[in-house]
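Per chain, numbering begins at 1; letters A, B, ... match sequence-line order.
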Amino acid sequence: MATKTYLQAISDGLREEMRRDSRVFLIGEDIGVYGGAFKVTQGFLQEFGEDRVIDSPLSETAIVGSCTGAALMGMRPVCEMQFSDFVSCAFDHLVTVAAKQHYRVGTPVPIVVRLPSGGGFSGGPFHSQNPEGFFAHCPGLKLVCPATPADAKGLLVQAIRDPNPVLFFEHKHLYRRIKGEVPDGEHAVEFGKARTHREGTDLSIITYGAMVYTAEEAATAVADKDGTSVEIIDLRTLTPWDKQAVLDSVAKTSKVLVLHEDTHTSGFGAEIAATIAEEAFENLDAPVARLTAPDTPVPFSPPLEKAFLPQVEDVVAAIDRLSAY
Amino acid sequence: MATKTYLQAISDGLREEMRRDSRVFLIGEDIGVYGGAFKVTQGFLQEFGEDRVIDSPLSETAIVGSCTGAALMGMRPVCEMQFSDFVSCAFDHLVTVAAKQHYRVGTPVPIVVRLPSGGGFSGGPFHSQNPEGFFAHCPGLKLVCPATPADAKGLLVQAIRDPNPVLFFEHKHLYRRIKGEVPDGEHAVEFGKARTHREGTDLSIITYGAMVYTAEEAATAVADKDGTSVEIIDLRTLTPWDKQAVLDSVAKTSKVLVLHEDTHTSGFGAEIAATIAEEAFENLDAPVARLTAPDTPVPFSPPLEKAFLPQVEDVVAAIDRLSAY
Amino acid sequence: MAIAREATPVSSAADIKDADLDREDLLQIYRNMLVTRGIEERGHILYRQGKIPGSFYTGRGNEGGSVGVATAMRADDVGAPIQRDMGVHVTRGTDPWRIFAQYMGRRDGLAAGKDGNVHMADIRLGLIAMVSHLPALMPVAVGCALAFKIRKEPRVAVAWSGDGAMARGDAHEAMNLAGVHRLPVVFICDNNQYAYSTPNRLEFGVDHLADRAAAYGFDGVVVDGTDVLTVYREAHRAIEKARAGGGPTLLELVTLRMEGHAVHDDAFYVPRELLEAYTRKDPIERYRRWLKEQAILDEEADDAITVEVKKLLNDAMKRAEESPLPDPSELETGVYAEPEELDTPHHK
Amino acid sequence: MAIAREATPVSSAADIKDADLDREDLLQIYRNMLVTRGIEERGHILYRQGKIPGSFYTGRGNEGGSVGVATAMRADDVGAPIQRDMGVHVTRGTDPWRIFAQYMGRRDGLAAGKDGNVHMADIRLGLIAMVSHLPALMPVAVGCALAFKIRKEPRVAVAWSGDGAMARGDAHEAMNLAGVHRLPVVFICDNNQYAYSTPNRLEFGVDHLADRAAAYGFDGVVVDGTDVLTVYREAHRAIEKARAGGGPTLLELVTLRMEGHAVHDDAFYVPRELLEAYTRKDPIERYRRWLKEQAILDEEADDAITVEVKKLLNDAMKRAEESPLPDPSELETGVYAEPEELDTPHHK
Ligand SMILES: Cc1ncc(C[n+]2csc(CCOP(=O)(O)OP(=O)(O)O)c2C)c(N)n1
Ligand SMILES: Cc1ncc(C[n+]2csc(CCOP(=O)(O)OP(=O)(O)O)c2C)c(N)n1
Ligand SMILES: [Mg+2]
Ligand SMILES: [Mg+2]
């Protein structure tokens, strides 16, 4: 065990898999000489050479499409979108080709797409998005949203070994801010198993990614304020998602807040809330609440972006509303 | 008033708008000489000439992107995706450019994208999809899903006049099968107003598009069988959607089934169900149920496709379950 | 002004020697062309009998192109053929009965009823199943070539596109990436002069699509796609050049789509004279004539092959009709792959 | 082997006459280049002072390209400039104070704080705001040209792309569609030799991006992008050719990105000699020298312009700093347009 940043954990997980398995290679914009826009692959070109660390042209379609081809030939490609926002340029290749190939003709497509996501830095409408909501609607893809350094490593390793196309959402706001214990060496975390980030009895917050920490601050605040005991469930993966863990938590607390940074309408929170409402109807003492970003692009200017992103105060207010119900 | 097919109604709405407004022009694959894969624009090239009815190259990105540009220059472009499935190739231009331009810099992008959608013909995974679920998650777009010939015309006219990018989902299974009274001449239907397709008191079905008719058959079946009185709400437009009409219906019936042909997870049904669960919690006598296609690509072979698409029997079974709750 | 080279037709006996084909190969090409057309003709019949759900597409007029290129591929090369390339599946050894089963949505179809018509391929034969969205398999094929380059394997990927599909961004991104890394990939453009109803002049503003190659730093060649031997020779050159590290080539095979876009389309928009001209250039008739001129095939041998092919296909149809439809319970299987599936040889 | 023409530099006085520029125009170009650089230099200062949120990009080294092209556009032409083209905004008349307000996310920024840095444009000046996703505005500009063609207006659209962004499908689809319909559009490629850290040789496999034009059936020209007058002349020719119905042109303007991709990037990967060579070719210094050689500018006039520009920009900065930040209540406004908004002149 060592204490590492979230970014370092991703970098280490990737490096270790590349050392372990010569089929793993990387392709993306500026990931080689420059080490990636966020320096996740710093030093990789030197260690693995330019056959395995490929600085691609500015070509998201070719990046994802060629990963699919290489995967069909037995490689284990890991590509990087420079910002997750640009995955819109590879949407067709993910949804049409990679996601459906196995169902259609039985050929697995083991690719990983790394997606630096999320806001909080005045990145504006195109460098701040959380595009998981779009892809959650596509059967055949797996979606991973780690919150902790240990999970960032363990889920990335698992993603690389998974025989399916995996979208790996790395929250940029966690990269250097969040540190934690990370197992050394071999460490893989199973998909579809939520993590109880904090135990509680009065109310459940179902969330993932950076919002885990916003939830945590809010939980601490209400505990201090009036003793409300909040349980936080970190989903870790959205496809598959751990429905059972969510239903178990709701059975315990009877009140639930679904929280994400992605925008509201048809966000993954809708799926969670709809499922809880359908399958835990009799356990609910209050309506399932959702707290998300509003239905707007991510604005650039700090006062707007702050209003856009769910803040600790917003979570506290939502908890208070549910408590009062 | 005249009785027309759904297809004829679309064709007429489009033709009338083109006659009325010289800024309206069409671009798409095989829409000119051939009159469109479904013959919606048959005769248009002859009437309006090749400047206003443009047979484009096989280029969904250029089609949608150029519509955006023409719209910014004051035109009212209407483009056709040959099958709605191919809109995945224009996803970026819709979500990144057209949807966000007004929020970002205040310039309206009045374009309409016509999308022949839906299954039921052994079209297989790429000629049968209902991609509205993806786009419902994108602020800045409007989504229209007419079920009747009158709405097909009226909503298309409204779409052309709307100052925003509008995705117009035309269900292929309704094209020639469904006939109805269509107002002659000027006829526009406001967005965001649901239509009560059938009044009822025991249970509400919230749906849109071709599933309106599946719901209707099921409603008739249960009425005959045991007198259950089913209300059917046809949403007509998903963005904006008529939340109030849905909540009003639920307040009346206390039980609700959300039905769509699109796949399950993070489909628009999740948004509807989550909203009802949140805002009509106290009115519900049973959990909000969803009936949708499963989370798979649309299979080709008839027995599989039949199992994939929600059938009348499935709706009846879902109604029975809710009734028994 | 063409930038691409225009391939001279194969004519002399010497040309054939160069092209590395012996008598048996030449007859096998003929057989493959007959099987290809035979499958699609029978498909039409099955369709009219209501046994093929959905729509139905053929590649009539493209038998020279598809069989010619596939013949030039080596066993461990890979390809991603498209909707007019039944000849590729046939030449690589796909069992005809499984193709008929595929057409009919049966469990023994290559897609087991999950997908239909020519959206199929047997990966064990080095083929990758197309998706409808054209030409999405071009970047995929480039990725295969990338894998070969990384692993330093002497293998080549072949990527197909129609003339219409060359307008899409995928074609560009694929050829650009291949050009930058000089990947072992050969791009084949089946230029059958139409994309559905859209003629070449509304698809691109250049003389020949093969001229595009120059924009990516590799060679383009315009080939008469109705002439199977010229196709073979040019594909062979390009494939071996790629294998030797010489980078990609774009071959434009010019033919005509001899039937409608699909069964429902009578192709009224194709000028009659054009259709007649290409009827005279029918790739199978042309090749048959040539084989006879060269005394490789006589009347008797021709009849024998015809009978053999007929029997093969009739048996195949029968066998396919015995294949069951998939069971509804199979609907939700296979959305995700299981780890064990990576234990197949090509995934190691 | 270049397919595109390489533009000969403007040298003689006659060249200038041809290019249709009088003395005042020549000085205005100079002023616009100074304003352009001045805005970006001050942006750097504001950034270091913590007044610009997010990141910050400049176009240093591209003042010749951006001002040269924009000068050749007529008032009712339209353009979709990109991240290195501040000179286009300046030349078309964007108020510098609104640009500073834009940088700082203030309400008077062209995006009113909804978007940042050079993701902005004033549509009333015929400019369309870029998105990050490159080069998505190329097909959009083609659509403008399509509108002009449909309405038979003698207007031209100008579409910009970087060298890196030319690899994307959008570039291809845009140029292909424009080529097919010979639309009145001019494509400008700001080739500053890098896409972030990626050098030209990893972006494309051809000698010059301008060679791509031949793949779409129109002309390509390689231009020294540090030479504002040559840029102007070539842009003028291309724009007027497009206006006259002669179809598109692709101009590749070669320069060097003289600073990092954005503020955080020290561009360690750019060879020092290359940077030095282009420092010597600085577009502003070059043009200033030329103006002096031609006796269009003397020391005194130069000082006067410098002072004037300084004052303009310092006043602009001050005014921008007085602009308020947007109010959180504005967050949800403007997601959708209202029908009345179509009642503006350009939407009629
Ligand atoms: C991205 C995409 N858009 C539209 C279609 C619908 N479509 C199917 S085939 C076809 C024409 C293809 O023309 P071409 O590439 O020349 O191939 P051909 O069918 O002529 O062999 C079209 C438009 C498609 N398959 N993919
Ligand atoms: C589709 C897309 N992918 C990735 C990026 C991230 N990105 C921003 S600028 C840039 C390099 C652009 O290079 P070039 O086109 O040469 O323009 P330059 O910045 O050099 O002027 C990259 C990769 C982007 N903006 N858009
Ligand atoms: Mg074709
Ligand atoms: Mg550049």
Legend entry - Donor + acceptor pair across side chains of D262(A), H137(B) (<3.5 Å): yes
Legend entry - From T265(B) atom OG1 to I272(A) atom CD1, the distance as rounded to the nearest 0.5 Å: 11.0 Å
Inset, instruction - May I ask you to name which of G140(B), A273(B), A274(B), P297(B) has the most heavy-atom pairs under 4.5 Å with chain A? - result: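 Of the candidates given, the most pairs with chain A belong to P297(B).
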Inset, instruction - Could you check which of W241(B), Y325(B), F135(B) has the highest count of heavy-atom pairs closer than 4.5 Å to chain A? - result: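 Ranked by contacts with chain A, first place is Y325(B).
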Chain B heavy atoms under 4.5 Å from [X]: which part of the residue, side chain, backbone, both or neither?
X: V288(A); value: backbone
X: H93(A); value: neither
X: L284(A); value: both
X: T275(A); value: both
X: A99(A); value: neither

Legend entry - Pair F134(A) and F91(B), ring centroids less than 6.0 Å apart: yes
Legend entry - Choice from G269(A), P294(A), A136(A) maximising heavy atom contacts with chain B below 4.5 Å: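 Of G269(A), P294(A), A136(A), A136(A) has the most heavy-atom pairs under 4.5 Å with chain B.
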Heavy-atom pair of closest approach, residues [X] and [Y]:
X: S266(B); Y: G267(A); value: OG-O, 4.3 Å
X: P139(B); Y: T296(A); value: CG-N, 3.6 Å
X: Q129(A); Y: K100(B); value: OE1-NZ, 3.4 Å
X: P287(A); Y: A277(B); value: CB-O, 3.4 Å
X: S88(B); Y: T96(A); value: OG-OG1, 3.5 Å

Inset, instruction - Evaluate whether atom NZ of K252(A) has more than 12 neighbouring non-hydrogen atoms of other residues, nucleotides or ligands under 6.0 angstrom away. - result: yes
Inset, instruction - Please state whether the side chain, the backbone, both or neither of A286(B) comes within less than 4.5 Å of a heavy atom of chain A. - result: backbone
Legend entry - Contacting moiety of F300(B), where chain A heavy atoms sit under 4.5 Å: neither
Legend entry - Heavy-atom side-chain contact between P299(A) and Y103(B) under 4.5 Å: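 Yes, their side chains come closer than 4.5 Å.
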Legend entry - Side-chain heavy-atom pair R104(A), P125(B) within 4.5 angstrom cut-off: yes
Inset, instruction - Please assess E271(B) against H264(A) for the test side chain to side chain contact (heavy atoms under 4.5 Å, CB included), listing each intermediate value before the final yes or no. - result: CA-CA 9 Å; E271(B) 179 61 34; H264(A) 188 79; 4.0 Å; yes
